[in-house]
Amino acid sequence: DTAVSQTPKYLVTQMGNDKSIKCEQNLGHDTMYWYKQDSKKFLKIMFSYNNKELIINETVPNRFSPKSPDKAHLNLHINSLELGDSAVYFCASSQSTGTGYTFGSGTRLTVV
Amino acid sequence: DAKTTQPPSMDCAEGRAANLPCNHSTISGNEYVYWYRQIHSQGPQYIIHGLKNNETNEMASLIITEDRKSSTLILPHATLRDTAVYYCIVRDGGTYKYIFGTGTRLKVLA
């Protein structure tokens, strides 16, 4: 069973479109995250939710909007996509008591 | 900014121990050191973490200096499948946030 699953795995879209990436975890963790890995391979945190509550909101354009319908799901919606949004987006989850993160396999977003 | 400094790359012969150093001189008392690795473009994989005592699990050992300003990840018998980027992370005290640095690209040579 996949612990943290993201869909889709690949996403190619045109500039200006709106798209969503979904993430689900079956580990019973209470905290979920979105990270962005750009072409230079830097991993940067974007958002984090703990029990459906937003707890980390880094300096991210407001075109990016996370939504957590329950603690097992954290989706990322992106409006008006730009070329610079092209990257690999990783979802992760953890238990707030300090155990390690479990990452998904990533969604490679290409904006053309 | 990341709180850790790592060498950008290292090579290791297959079957030998790989020792990956990390400096975290500004670490505070309640901050843990975590190690992850990323194989090719897969999601980062948790390896080990520790506070001040040395730790060992089935994947690796973590040695933390007494002053906690540096640590070393040891892969006792490196294999080709251990070729990856290894990240040393100090978990931001009081938050759930990891800040990833640039990591060490380990290449295991046959």
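Every chain is numbered from 1 and lettered A, B, ... according to where its sequence line falls, protein lines coming before strand lines. These numbers come from the heavy atoms of this one structure, side chains and all, not from hydrogens, waters or symmetry mates.
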Exercise. What about B/Trp35 and B/Phe100, same hydrophobic cluster or not, with Ile/Leu/Val/Met/Phe/Trp/Tyr joined at side-chain heavy-atom distances under 4.5 Å?
Worked result: no

Problem set entry | Rounded distance (nearest 0.5 Å) linking atom OG of A/Ser94 with atom OH of B/Tyr46 | 12.0 Å

For this session: For B/Arg16, look at atom CZ and say whether over 12 heavy atoms of other residues, nucleotides or ligands are found less than 6.0 Å away.
Result: no

Exercise. Is it true that A/Leu54 and A/Tyr33 fall in one hydrophobic cluster, defined by side-chain heavy atoms closer than 4.5 Å?
Worked result: no

Exercise. In Å, rounded to the nearest 0.5 Å, how long is the span from CZ of A/Phe103 to CD of B/Gln38?
Worked result: 8.5 Å

For this session: Check the pair A/Tyr101, B/Tyr34 against side chain to side chain contact (heavy atoms under 4.5 Å, CB included), reporting the backbone distance first and the verdict last.
Result: CA-CA 10 Å; A/Tyr101 286 15; B/Tyr34 285 76; over 6 Å; no

Exercise. A/Tyr35 and B/Tyr98: side chain to side chain contact (heavy atoms under 4.5 Å, CB included), yes or no, with the steps?
Worked result: CA-CA 10 Å; A/Tyr35 276 80; B/Tyr98 289 163; 3.4 Å; yes

Exercise. Would you find more than 12 non-hydrogen atoms of other residues, nucleotides or ligands less than 6.0 Å from B/Arg68 atom CZ?
Worked result: yes

Exercise. Measuring from A/Leu43:CG to B/Thr102:OG1, what's the distance to the nearest 0.5 Å?
Worked result: 11.5 Å

Seminar exercise, completed: Scored by heavy-atom pairs under 4.5 Å with chain B, the best of A/Gln37, A/Lys41, A/Lys44 is A/Gln37

Problem set entry | Joint hydrophobic cluster, A/Phe90 plus A/Leu11, side-chain heavy atoms closer than 4.5 Å | no

